[in-house]
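Notes follow the structure.
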Amino acid sequence: MVEELVAAGAALACAGAVYVTAAARVVKQYERGVVFRLGRLRDGVRGPGLTLVVPGVDKLRRVSLQIVTMPVPAQEGITRDNVTVRVDAVVYFRVTSPADAVVKVEDYRFAVSQMAQTSLRSIIGKSELDDLLSNREKLNQGLELMIDSPAVEWGVTIDRVDIKDVSLPETMKRSMARQAEADRERRARVINADAELQASKKLAEAAKEMSEQPAALQLRLLQTVVAVAAEKNSTLVLPFPVELLRFLERAQQQPPVNPAPPERGGVSYRAVRSGMHRDGVQHPCPAPSSGERPKMAGCQVVGLVSSRAVTASISHVQ
């Protein structure tokens with residue numbers, strides 16, 4: 001009798017162990033368990049740890065709550081300004097309602113992927129090329145709202161959507177490069193013209209100041225000479241002094257003191273000073289009469305014969 005009771009107890013223990021082994025389930029920390037009993041969803045979600053289900057009756061579905069990184073395949077479309085582009089993106093989402101993610105959608109990952117591709121093509125058609133290249137933050141927010149609206153009903157929350165790359169045709173790349181080059185050249189010319197304007201104003205002010213003090217121009221000339229000569233690898237050509245040129249110009253504008261005498265016999269004579277002194281005073285040579293020679297020593301005679309200048313130095317004693 002006792003042996004039968006011991007055998008029955010051992011059999012019950014074995015059956016209990018087998019039952020527990022078949023009914024025990026382990027849910028990880030980042031997962032939640034959804035239980036279906038005879039095809040009907042049980043209330044409540046099983047948390048992490050050890051949980052028991054009825055073998056053959058209950059079915060446990062584990063749903064991960066981790067953030068999922070899903071790349072969106074490159075989508076080709078035409079922008080609002082009629083430019084063909086290929087755009088790819090990446091979507092970050094996570095499950096917030098495990099029961100809805102299991103019950104309301106067959107495969108929430110596939111559903112989010114298809115919705116992301118459709119929304120990406122839609123956002124390409126509504127945007128211009130400049131927005132795709134420079135205003136991506138606004139497009140990312142709009143794309144996130146378009147994907148998140150239906151995903152909320154599936155128990156999924158979209159955390160972030162980023163446009164990764166925008167591929168352009170080679171012809172468009174070359175056109176944009178030419179446009180950028182032309183814009184940079186235009187800005188360079190504007191800056192250069194502005195610099196020339198400022199420099200011309202400063203030079204005008206400097207010229208006005210130097211005109212009041214002529215010596216300042218000579219000092220500036222000497223400074224330029226010093227700056228050029230410091231290199232010691234160039235030939236320096238010193239310009240003619242401006243003040244001397246002005247002196248010569250004034251001298252040419254003055255009328256002659258002794259006009260030339262009239263021509264006599266086809267020969268004209270003009271006496272010039274050659275250093276004769278009488279009583280300590282310098283006197284000009286007298287003009288000789290026709291057929292005569294100068295009667296004063298040291299006179300220089302200039303004669304014009306047949307439009308050819310002949311210079312002779314005549315020295316004789318009276």
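Just so you know, these numbers use all the heavy atoms, side chains as well, and skip hydrogens, waters and symmetry mates.
Counting only heavy atoms from C-beta outward, the side chains of S122 and M146 approach each other to under 4.5 Å. Under the 4.5 Å side-chain criterion, counting only non-hydrogen atoms from C-beta, V103 is in contact with F36. Contact check for V91 versus S113: no side-chain heavy atoms found under the 4.5 Å cut-off. Between V152 and T157 the shortest side-chain heavy-atom distance does not fall below 4.5 Å. The closest side-chain heavy-atom distance from L60 to R25 is below 4.5 Å. For the pair P150 and M115, the minimum side-chain heavy-atom distance is below 4.5 Å.
Atom CD1 of I124 is separated from atom CG of L143 by 9.0 Å, given to the nearest 0.5 angstrom. The CG atom of D100 sits 12.5 Å away from atom CH2 of W154, with the distance rounded to the nearest 0.5 Å. Rounding to the nearest 0.5 angstrom, the gap separating the OH atom in Y30 from the CG atom in L65 is 10.5 Å. To the nearest 0.5 Å, atom CG of residue L132 and atom CG of residue L139 are 5.5 Å apart. Distance OG/S97 to CZ/R32: 12.0 Å, rounded to 0.5 Å. In this structure, CD1 in I147 is found 4.5 Å from OG in S119, a value given to the nearest 0.5 Å.
A side-chain hydrogen bond (donor to acceptor under 3.5 Å, both in side chains) check over residues 129-139, counting only residues at least two apart or in different chains, returns nothing. Under the salt bridge (charged side-chain N to carboxylate O under 4.0 Å, His left out) criterion, the residue pairs touching residues 139-160 are R94-D159, R160-D162, with sequence neighbours excluded. Screening residues 72-81 for salt bridge (charged side-chain N to carboxylate O under 4.0 Å, His left out), with sequence neighbours left out, gives E76-R86, R80-E128. Pairs passing the side-chain hydrogen bond (donor to acceptor under 3.5 Å, both in side chains) check and including a residue from residues 101-110, sequence neighbours excluded, do not occur. Among residue pairs with one or both ends in residues 43-72, those qualifying as side-chain hydrogen bond (donor to acceptor under 3.5 Å, both in side chains) are R37-D58, R46-T51; sequence neighbours excluded.
Of all heavy-atom pairs between S127 and T79, the closest is O-CB, 3.3 Å. Between L50 and A24, the shortest heavy-atom contact is CD1-CB, 3.9 Å. Listed here is the closest heavy atom pair of R186 and D183: NH2-OD1, 2.8 Å. The minimum heavy-atom distance between N82 and I78, with the atom names listed, is CA-CG2, 3.7 Å.
With S211 contributing its side chain and K208 its backbone, the two residues share a donor-acceptor pair below 3.5 Å.
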With side chain to side chain contact (heavy atoms under 4.5 Å, CB included) as the criterion, how do D88 and K164 come out once you've worked through the C-alpha distance, each side chain's angles and the decisive distance to 0.1 Å?
CA-CA 6 Å; D88 57 351; K164 293 196 303 182; 3.8 Å; yes
Check against side chain to side chain contact (heavy atoms under 4.5 Å, CB included), V156 and V112:
CA-CA 9 Å; V156 177; V112 172; 4.2 Å; yes
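Linking Ile, Leu, Val, Met, Phe, Trp and Tyr residues whenever their side-chain heavy atoms come within less than 4.5 Å places M70 and V72 in a single cluster. Cluster membership for V27 and V34, using ILVMFWY side-chain heavy atoms within less than 4.5 angstrom, is not shared. If you chain together hydrophobic residues whose side chains sit under 4.5 Å apart, V161 and L133 fall into the same group. Under the 4.5 Å side-chain heavy-atom criterion for ILVMFWY residues, a single connected hydrophobic cluster contains both L41 and V95. Grouping the Ile, Leu, Val, Met, Phe, Trp and Tyr side chains by contacts below 4.5 angstrom, directly or via other members, places V83 with L120.
K201 has no carboxylate O lying under 4.0 Å from a charged side-chain N of E205, or vice versa, which leaves the two without a salt bridge.
Other residues, nucleotides and ligands place more than 12 heavy atoms under 6.0 Å from the CZ atom of R187.
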Can you list, pair by pair, the side-chain donor-acceptor contacts under 3.5 Å of residues 167-181, counting residues two or more places apart and other chains?
unit_1 : atom_1 : unit_2 : atom_2 : d
S175   : OG     : T171   : O      : 3.0
S175   : OG     : R178   : NH2    : 3.4

